[in-house]
Amino acid sequence: MNSPDLGKLGFGGAGIGNLYRAIPDGEALATVLAAWDAGIRYFDTAPHYGLGLSEQRLGAVLRDKPRHEFIISTKVGRLLEPNAGGGQDPEGFDVPAATRRVWDFSEAGIRRSIEDSLERLGLEQVDIAYLHDPDVHDLQAGISQGLPALEKLRSEGLVRAIGVGINSAEAALECVEAADLDLVMLAGRYTLLEQPDVPLLERCLARRTGVVSVGAYNSGLLARPDVPEDAHYNYDLAPPEVLERARALAAVCRDFGVELPTAALQFPLRHPAVVNVTAGATSPEQVAVNSARMEAPVPDELWEALERVGR
């Protein structure tokens with residue numbers, strides 16, 4: 001397997017799908033353009049993000065760019081079906097619930113998911129397809145149905161690379177052992193704050209499966225130089241012991257003149273299995289900050305000191 005060259009920093013599309021709050025179209029499109037202007041060439045999205053809104057907005061910008069210059073990934077496993085109930089989306093995105101998500105890991109469902117995504121994106125092909133959240137829905141169905149279906153799509157040339165987008169390192173390891181994956185998109189489980197207790201990254205390295213690290217800020221806990229009392233971790237308020245660990249990391253960073261979010265964003269790339277860190281943004285300013293943090297100098301002595309903090 002050969003992971004595509006994604007560059008150090010990727011753009012995550014959940015935010016422009018109105019995650020937690022509505023963003024005007026103009027702001028969302030300006031954010032994607034800012035990522036392009038910053039030199040980012042890997043863009044990730046999913047039908048789940050705003051019931052297709054993220055794909056629509058991302059495609060509105062990227063379909064006018066030279067196709068050979070960027071890599072785009074989307075996800076499969078959730079189909080969007082018409083929803084007669086109306087109202088607002090109940091899964092965290094500030095969008096009308098004109099459609100609803102239906103889990104489908106079958107080959108037919110995955111093929112339809114790709115076709116639907118291409119229509120929303122306005123593109124002829126996506127480069128990477130990830131099976132989305134098999135650990136949340138049905139891991140064994142993902143392994144027995146979803147991953148073989150993706151392998152088939154890759155063999156047919158419909159996608160260049162395949163993988164899983166997942167929150168559990170343990171489940172990710174099962175997927176890596178079960179299928180010929182190019183990539184694992186691992187959310188929040190290999191960060192400055194925490195590293196998995198299972199040999200996932202070592203197995204990925206041995207099998208030449210690249211790891212895309214997302215959630216490097218652990219739901220915002222590591223996103224600010226000083227960790228506030230109301231910081232979130234795993235999409236909930238951080239418990240006291242987690243706040244204490246994050247503040248200890250921040251103090252070490254401060255001693256070396258480096259801000260905690262800068263170290264957090266760069267940390268995953270220190271492991272040779274990690275090929276990219278993808279970060280979301282909801283404004284051009286956030287893109288600029290992430291880009292600057294990725295390029296900021298960090299002394300080797302800081303990494304050595306962080307190792308001694310103990311995690």
Side-chain angles (χ1 to χ4, degrees), residues 1-6 10 12-14 42-49 55 71-81 101-118 121 125-190 196-215 273-276 278:
M1 287 174 288
N2 289 298
S3 301
D5 183 4
L6 307 179
Y42 173 48
F43 299 84
D44 176 68
T45 183
H48 175 53
Y49 301 159
E55 291 181 319
I71 292 174
I72 187 165
S73 59
T74 193
K75 303 184 182 74
V76 298
R78 289 176 176 93
L79 292 172
L80 302 183
E81 301 283 5
R101 302 165 181 84
V102 177
W103 291 102
D104 192 335
F105 286 177
S106 70
E107 181 180 336
I110 284 173
R111 287 182 182 275
R112 187 187 138 195
S113 183
I114 293 289
E115 291 169 3
D116 291 349
S117 290
L118 291 175
L121 287 161
Q125 187 180 41
V126 293
D127 301 292
I128 303 163
Y130 296 107
L131 186 66
H132 203 182
D133 292 338
D135 54 324
V136 172
H137 175 52
D138 186 335
L139 180 60
Q140 293 314 309
I143 289 172
S144 64
Q145 299 176 43
L147 296 183
L150 283 177
E151 288 178 312
K152 190 171 182 181
L153 264 62
R154 182 182 57 193
S155 71
E156 295 171 3
L158 296 180
V159 294
R160 289 171 52 194
I162 62 169
V164 291
I166 204 161
N167 296 278
S168 162
E170 292 80 6
L173 182 59
E174 287 192 54
C175 293
V176 167
E177 298 290 10
D180 183 26
L181 302 182
D182 301 293
L183 295 162
V184 168
M185 178 171 274
L186 186 64
R189 300 285 80 81
Y190 185 69
D197 292 329
V198 296
L200 171 64
L201 273 71
E202 290 71 21
R203 289 299 295 146
C204 285
L205 198 60
R207 293 177 65 89
R208 297 175 64 196
T209 298
V211 175
V212 176
S213 175
V214 296
V274 177
V275 297
N276 172 272
T278 287

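Since we're looking at a predicted model, the values are computed, not measured. All values below were derived from every heavy atom in this structure, side-chain atoms included, with hydrogens, water molecules and symmetry-related copies excluded.
- Here the closest non-hydrogen pair linking Y190 and S213 is O-OG, 3.5 Å.
- Of the possible polar contacts, one joining the E151 side chain to the D180 backbone as a donor-acceptor pair under 3.5 Å is found.
- Rounding to the nearest 0.5 Å places CG of L158 at 10.5 Å from NZ of K152.
- The aromatic rings of H137 and W103 sit parallel, their planes meeting at an angle under 30°, below the 60° perpendicular limit.
- A 4.5 Å side-chain heavy-atom check between V184 and C175 finds every atom pair outside the cut-off.
- Separation of atoms CG (L200) and CD (E177) is listed at 9.5 Å; rounding is to 0.5 Å.
- Using a 4.5 Å heavy-atom threshold, the side chains of V76 and L131 count as touching.
- Contact check on E107 versus R111 returns a salt bridge, with a Lys/Arg side-chain nitrogen under 4.0 Å from an Asp/Glu carboxylate oxygen.
- Among the candidates V275, V211, N276, V164, the single residue satisfying the side chain to side chain contact (heavy atoms under 4.5 Å, CB included) test with L183 is V275.
- In this structure the side chain of P134 never reaches within 4.5 angstrom of the side chain of I143, judged on heavy atoms.
- In plain terms, the two heavy atoms of G163 and L181 that are nearest each other are CA-CD2, 4.2 Å.
- Checked for salt-bridge contact, R78 and D133 meet the test: a charged N lies under 4.0 Å from a carboxylate O.
- With K75 contributing its side chain and T45 its backbone, the two residues share a donor-acceptor pair below 3.5 Å.
- With D127 contributing its side chain and I72 its backbone, the two residues share a donor-acceptor pair below 3.5 Å.
- Remark: the backbone N or O of I110 is not paired with any side-chain donor or acceptor of S113 at under 3.5 angstrom.
- With sequence neighbours excluded, the residues forming a salt bridge (Lys or Arg N to Asp or Glu O under 4.0 Å) with R112 are E81, D116, listed by chain and number.
- Listed for the D135 side chain is no donor-acceptor partner under 3.5 Å among the backbone atoms of I166.
- Nearest heavy atoms, P47 versus L80: O-CD1, 3.9 Å.
- Annotation: the span from L118 atom CG to T74 atom OG1 amounts to 8.5 Å, rounded to 0.5 Å.
- Between D138 and F105, the closest heavy-atom pair is O-CE1, 3.6 Å.
- Judged purely by atom type and a 3.5 angstrom limit, D182 uses its side chain to pair as donor or acceptor with the backbone of I162.
- Looking only at distances, no side-chain donor or acceptor of R203 sits under 3.5 Å from a matching main-chain atom of L173.
- Looking at every heavy atom in both residues, G12 comes nearest to T278 through N-CG2, 3.4 Å.
- Checked by atom type and distance alone, the side chain of Q125 never pairs as donor or acceptor with a backbone atom of R160 at under 3.5 Å.
- In terms of heavy-atom proximity, A129 sits nearest to I114 at CB-CD1, 3.9 Å.
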Decide side-chain contact (heavy atoms from CB on, under 4.5 Å) for L6 and I128; before the verdict, give the C-alpha distance in whole Å, the side-chain angles of both, and the deciding distance to 0.1 Å. CA-CA 11 Å; L6 307 179; I128 303 163; 4.0 Å; yes

